[in-house]
Asker: 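For reference, the structure I am asking about is given below.
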Amino acid sequence: MPNTQPINDNASVTRGIVERAAAAGAVRVWPIGAASVGSKGEALAEIAAMKDAGIVAVSDDGKPVATARLMRQVMDYCRALDLPVIDHCEDPSLFAGGVMREGPRSIRLGLKGIPAQSESICVGRDVEVAMLTGARLHIAHMSTRASLEYVRAAKKQGLPVTCEVTPHHFTLIDEDVRYDSHYKMNPPLASREDRAALIEGLADGSVDAIATDHAPHHPSSKDVEFDRAPFGITGFETALALGLSELLHPGKISLKRLVELFTTGPARVLGIERKIAADEPADLTIFSPDVAWTFRAADSPSKSRNTPFDGRSFRGAPMATVVAGRIVYRR
Ligand SMILES: [Zn+2]
């Protein structure tokens, strides 16, 4: 995602990311470019030049594309370039000042709530603009039943609209939120009913991908009052284990479907061709569906510790990853 410093809103930043990732050689990095300059929601970024440099989508992630008018311009441009537009859907006027999902739990904790409609209003707008332009639209980290209904309706009409769900949104709900900034992310953890709808969507194909929304923060920035802490949690280290533990083993989805959600699903969203075959790049994750283990954030090789899953036990884990035929990680 382009919400880095510097923001990936021009071809030289894109090239820098692609070159550094290639030099590190441990993982494929497909950068997403900003939709607007500085993700400020005013002027269009250099989308065509960034595409030549290697972006696979555009987004003003961290916030939605600012207005329907700008979204129309971005989509017209991206349709011509055959790039998907990925939107972070939260209506800023409803979201304003909120730190968790609005409901009985936010009242009990005395925290300012964000209504579910903050997300679905924005999803509805985006689907309408996608209808107007015919562009590819992808909803990032979708968390509510109402948003899913918009995506389902768009798919039914044959629009190229896709969506993803994060492991934390299919695992945790607003009732799990404690006065601990490791439960603070946007969109916030949703209701029990929303989680049930998301899991149904993951199983029936309405949801196209599982994506982590991995958001590392320095420990000192999260070690403050809930209201003041930044939004976001890490996700890479627990993503597959949560999929196996929370979806596969309880029988909510099949192994085939789970694998699709981590592999061909996201590849299709981004228009990346991948298959396991002779003369194809060998990018593989080898996993055990059954190995029992406990995640200890303190033992993590990550520089960040902002996870609500510290100390959680799992069934299933990645055992090795292979990039371009080379083993880059071994458990
Ligand atoms: Zn986002």
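Only a predicted model underlies this, so the values are computations on that prediction, with no experimental measurement involved. Heavy-atom basis, side chains included; hydrogens, waters and symmetry copies ignored.
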Asker: Output yes when Asp310 and Arg296 qualify as a salt bridge under the 4.0 Å nitrogen-oxygen rule, no when they do not.
Answerer: no
Asker: Which other residues end up in the same hydrophobic cluster as Phe231, if Ile, Leu, Val, Met, Phe, Trp and Tyr are linked when side-chain heavy atoms come under 4.5 Å apart?
Answerer: Phe95, Ile114
Asker: With a 4.5 Å cut-off on side-chain heavy atoms, are Tyr77 and Val85 touching?
Answerer: no
Asker: Salt bridge or not between Asp174 and Arg192? Use side-chain N to carboxylate O under 4.0 Å.
Answerer: no
Asker: Does Arg274, at its CZ atom, have more than 12 non-hydrogen atoms belonging to other residues, nucleotides or ligands within less than 6.0 Å?
Answerer: yes
Asker: Cation-pi check for Trp293 against Arg312: NZ or CZ below 6.0 Å from the six-membered ring centre and within 45 degrees of the axis, yes or no?
Answerer: no
Asker: So how far is it from Glu149 CD to Lys156 NZ, rounded to the nearest 0.5 Å?
Answerer: 9.0 Å
Asker: Mind checking whether Tyr329 and Val291 sit in one hydrophobic cluster, side chains of I, L, V, M, F, W, Y counted as touching below 4.5 Å?
Answerer: no
Asker: Are Asp227 and Lys112 close enough for a salt bridge, meaning some N to O gap below 4.0 Å?
Answerer: no
Asker: Do Pro2 and Asp9 come within less than 4.5 Å of each other through their side chains, counting heavy atoms only?
Answerer: no
Asker: Salt-bridged, Arg152 to Glu200, with N to O below 4.0 Å?
Answerer: yes
Asker: Just distance, no hydrogens or angles: give the donor-acceptor pairs under 3.5 Å from side chains in residues 121-131, sequence neighbours left out.
Answerer:
from: Arg125; atom 1: NH1; to: Val65; atom 2: O; distance (Å): 3.0
from: Arg125; atom 1: NH2; to: Val65; atom 2: O; distance (Å): 2.8
from: Arg125; atom 1: NH2; to: Asp87; atom 2: OD2; distance (Å): 3.4

Asker: Centroid separation under 6.0 Å, is that true for the rings of His88 and His141?
Answerer: yes
Asker: Between Glu260 and Lys256, is there a salt bridge with N-O shorter than 4.0 Å?
Answerer: yes
Asker: Between Asp60 and Ser39, do the side chains contain a donor N or O and an acceptor N or O under 3.5 Å apart?
Answerer: yes
Asker: Is it true that the side chains of Thr294 and Ser313 contain a donor and an acceptor less than 3.5 Å apart?
Answerer: yes
Asker: Please determine whether residues Leu132 and Val58 belong to a single hydrophobic cluster, defined as Ile, Leu, Val, Met, Phe, Trp and Tyr linked transitively by side-chain heavy-atom distances below 4.5 Å.
Answerer: no
Asker: Minimum heavy-atom separation for Thr212 to Pro167, with atom names?
Answerer: CA-CD, 4.0 Å
Asker: Could you give all pairs that pass the side-chain hydrogen bond (donor to acceptor under 3.5 Å, both in side chains) test and reach residues 18-30, with sequence neighbours left out?
Answerer: Arg28-Asp283
Asker: Examine the side chains of Glu90 and Asn186 and answer whether a donor and an acceptor come within less than 3.5 Å of each other.
Answerer: yes
Asker: Less than 3.5 Å apart, any donor N or O on the side chain of His168 or Thr171 sitting next to an acceptor on the other?
Answerer: no
Asker: Are more than 12 heavy atoms, taken from residues, nucleotides or ligands other than Arg257, located less than 6.0 Å from that residue's CZ atom?
Answerer: yes
Asker: What I'd like to find out is whether the side chain of Phe309 reaches to under 4.5 Å of the side chain of Thr234, using heavy atoms alone.
Answerer: no
Asker: So, for Leu198 and Val207, which heavy atoms are closest and what is the spacing to 0.1 Å?
Answerer: O-CG2, 4.2 Å
Asker: Just by distance, with hydrogens left out, do Thr166 and Asp213 show a side-chain donor and acceptor under 3.5 Å apart?
Answerer: no
Asker: Does the pair Asp223/Arg305 count as a salt bridge with the N-to-O cut at 4.0 Å?
Answerer: no
